[in-house]
**Q** 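Submitted below is the structure of interest, expressed as structure tokens.
Chain letters run A, B, ... following the sequence lines, proteins first and then strands; every chain starts at 1. Quantities reported herein were computed from a predicted structural model and do not represent experimental measurements.
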Amino acid sequence: MTDTKKLIEPRLPRGFEDRLPGEIAAVDQMLATIKRVFERYGFDPLETPLFEYTETLGKFLPDTDRPNEGVFSLQDDDEQWLSLRYDLTAPLARYFAQNYDRLPKPFRSYRQGLVFRNEKPGPGRFRQFMQFDADTVGAAGPEADAEMCMMMADTMDALGLAGKYVVKVNNRKFWDGALDALGVAHDRRLTVLRAVDKLDRVGIDGVTELLGKGRKDESGDFTIGAELDEAAIWVVTELLRANDFDVQMDDINYFSLALAADSRLSINAIFREGVEELRQISRLVVASNYKNDRIRIDYSVVRGLEYYTGPVFEIELTFEVKNEKGQPVVFGSVGGGGRYDGLVSRFRNEPVPATGFSIGVSRLAQALKLTGNLGAETPVGPVVVLVMDRDQTARYQAMVSELRSAGIRTEMYLGPSGMNAQMKYANRRNAPAVVIEGSHEREQDLVTIKDMIAGAEAAKAFTDHAEMKAARPAQFNAPRSGLVEAVKRVLATEGVK
RNA sequence: GCCGCCUUAGCUCAGUUGGUUAGAGCACUAGAUUGUGGAUCUAGGGGUCCCCCGUUCAAGCCGGGGAGGCGGUACCA
């Protein structure tokens, strides 16, 4: 064996991450909380596969100006194209259409799972991540939309985020109607909506630039503007300035707002419809005692561009988080949704109204970890039975079996290492206790149990390593027959379940 | 897509004017210690100096090209 083997570098594709025990435990807990809230609202679980036919995922994606990007696709052996799902809504639309005849309508379902996007990852953005969605299909009224908003708010409260988030609500008809009334050409409207969406990032002045000639940011990248005329820019920015967060939502007089901005808006049917829907959602939400510190109207919310047809929602965290370097980070949206009346109509000839929202589980978990709302510490490991004498492994294995039968996570040390290494192993495993039976104990039919948590605590009192070793803190002898009971006692003292 | 920064051991980094077999600290594996976690000492494992081409007697170092990583921006279902 003189030739050197070509080694493969162990690495992950960018935008993908391993999930460690601490993360898994924390996210599982989050998921259970979200499920509880959704089920309380009457939603049922549904699971669809990771792959769908590419045509099923549909024309809402990829973006019209960048086709075939953003999705992981492969060809089946019958040459049909399959894609990994990039959200949980398109698969639901497929499922609903496929099982239309036997589903109750309206159909309420929630889904949780991984979705994939083939695009450049960034901080807090991955190519594989988890979403948690709820949707009501087949209900057209604003009641369904209002319910979504309230459920989002309740979910955030249940996750321990009361007072740290806000659900923002807008309506696509609001801007569609306003731009219609102002005579903005259809090919400019996307640009206008994108500009409006950037309000919290670039401010009202930045939006003004984007509505006009365009804007150059600090990185030197130039964003082409919408080239609106002065009057139209004034109306759009005036509407954005009219975001009034201090009054109860149903107190806002939308029509006087429209008249003040531009009288053309108040006679536009779509604009009026959008405003009326917002007002109805407001009334429903306020009647259920959700105040505007939890749910509020915000005209800068736009969401996806080719997807939503009515109300749109967004959950935003309102506190500042710090990254690993201690710098403040804007976390922004951790979820959102809206009404998408057109999605199911790809599969059926009749219109099917639908509304729903999606929580970015991975993103939300990351935000919670940074604020300490979510435990990031390594979970407690198993009890470790040390192998003091290699020819006695049958005895050690018997102890392990006894402890396991009593429901205690236990393992026997595997390998030829000395006791020192075994203790290091137990330490790294976060073991709450170790069981020691050497010849001394065996002669007297005893075992030694060491409480690793108390032991670590006690060791801090020593400055001298040799002294600490001699003291052997936090350990005691128990009769071999009382092994299980003794270990249970240690676990109970340390609060280990 | 566009802009910027970066790339030498698992991690953080040294590496002289271009000069033999590329180093340190930490981390890792073990021993010293019938049999005790963090200390100390000792030993050991670990490298395509991101890749390719060029200049040169000689390249980790100089020149050109490329790849990858990070950050911003654009897009975001």
**Q** Determine the Euclidean distance between corresponding C1' atoms of B:U36 and B:U20; express it in Å to zero decimal places.
**A**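 Those two atoms are separated by 48 Å.
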**Q** B:C57 and B:G18: how far apart are their P atoms, nearest whole angstrom?
**A**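 Per the computed distance, 16 Å lies between those P atoms.
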**Q** So what does A:Glu467 hit on the nucleic acid, given a heavy-atom distance under 4.0 Å: a base, only sugar-phosphate, or nothing?
**A**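 Contact class for A:Glu467: none.
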**Q** Regarding A:Tyr425, tell me which of base, sugar-phosphate or nothing describes its non-hydrogen contacts under 4.0 Å with the strands shown.
**A**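 No contact at all - A:Tyr425 keeps every heavy atom at 4.0 Å or more from the nucleic acid.
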**Q** Say you pick atom P in B:U40 and the same atom in B:C49; how far apart are they, in whole Å?
**A**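 Those two atoms are separated by 32 Å.
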**Q** For the pair made of NZ in A:Lys120 and P in B:G71, what is the distance, rounded to whole Å?
**A**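 In whole Å, B:G71 P lies 9 Å from A:Lys120 NZ.
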**Q** Report yes if some heavy atom in the side chain of A:Tyr110 is under 4.5 Å from a heavy atom in the side chain of A:Asp44; otherwise report no.
**A**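 Answer no - side chains too far apart.
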**Q** Within the 4.0 Å heavy-atom criterion, would you say A:Arg117 contacts the bases, only the backbone, or no part of the nucleic acid?
**A**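 The residue A:Arg117 makes base contact.
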**Q** I want to verify a distance call: between B:A74, B:U36, B:G35, whose nearest atom is closest to the A:Gln475 side chain?
**A**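 Among B:A74, B:U36, B:G35, the one nearest the side chain of A:Gln475 is B:U36.
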**Q** Indicate, with a heavy-atom threshold strictly under 4.0 Å, whether A:Leu386 touches base, sugar-phosphate, or nothing.
**A**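 Nothing, no heavy atom under 4.0 Å.
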**Q** Round to a whole Å and report the spacing from CD1 of A:Ile449 to P of B:G35.
**A**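 Distance check: A:Ile449 CD1 to B:G35 P gives 20 Å.
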**Q** What nucleic acid atoms does A:Asp197 come within less than 4.0 Å of, heavy atoms only: base, sugar-phosphate, or nothing?
**A**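 The answer is nothing, as A:Asp197 stays clear of every strand by at least 4.0 Å.
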**Q** If the C1' atom of B:A9 is compared with that of B:C5, how far apart are they to the nearest Å?
**A**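 One C1' to the other, the span is 24 Å.
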**Q** Tell me whether A:Asp389 is salt-bridged to A:Arg395, with the criterion being a basic N under 4.0 Å from an acidic carboxylate O.
**A**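 Salt bridge flag = no for A:Arg395 with A:Asp389.
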**Q** Check if the side chain of A:Arg125 and the base of B:C76 share a donor-acceptor pair of N or O atoms closer than 3.5 Å.
**A**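 Check passes, donor-acceptor contact within cut-off.
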**Q** Just wondering, more than 12 heavy atoms not from A:Leu74 lying within 6.0 Å of its CG?
**A**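 Yes, because the 6.0 Å sphere around CG of A:Leu74 holds more than 12 heavy atoms from other groups.
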**Q** Looking at A:Glu52 and A:Arg85, is there a salt bridge between them, counting it only when a charged N and a carboxylate O are closer than 4.0 Å?
**A**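 Between A:Glu52 and A:Arg85 there is no salt bridge, as every charged N stays at least 4.0 Å from the carboxylate O atoms.
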**Q** Nearest to the side chain of A:His440, heavy atoms from C-beta on, is which of B:G35, B:G37, B:C75?
**A**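 The listed nucleotide nearest to A:His440's side chain is B:G35.
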**Q** Could you tell me whether A:Glu119 contacts a base, only the sugar-phosphate backbone, or nothing, with contacts defined as non-hydrogen atoms closer than 4.0 Å?
**A**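 Base contact.
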**Q** Name the nucleic acid region contacted by A:Ser417, choosing base, sugar-phosphate or nothing; use a 4.0 angstrom heavy-atom cut-off, strictly under.
**A**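 Since only primed, P, OP1 and OP2 atoms lie under 4.0 Å of A:Ser417, the category is sugar-phosphate.
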**Q** Check every atom of B:C76, B:U36, B:G35 against the side chain of A:Arg194 and return the nucleotide holding the closest atom.
**A**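 Closest nucleotide to the A:Arg194 side chain: B:C76.
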**Q** Anything under 30° is parallel, anything over 60° is perpendicular, the rest tilted; go ahead and classify A:Phe72 against A:Phe16.
**A**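 The rings of A:Phe72 and A:Phe16 sit tilted, inter-plane angle from 30° to 60°.
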**Q** Given atom CZ of A:Arg472 and atom P of B:G35, what is their separation to the nearest angstrom?
**A**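 The answer, rounded to whole Å, is 10 Å.
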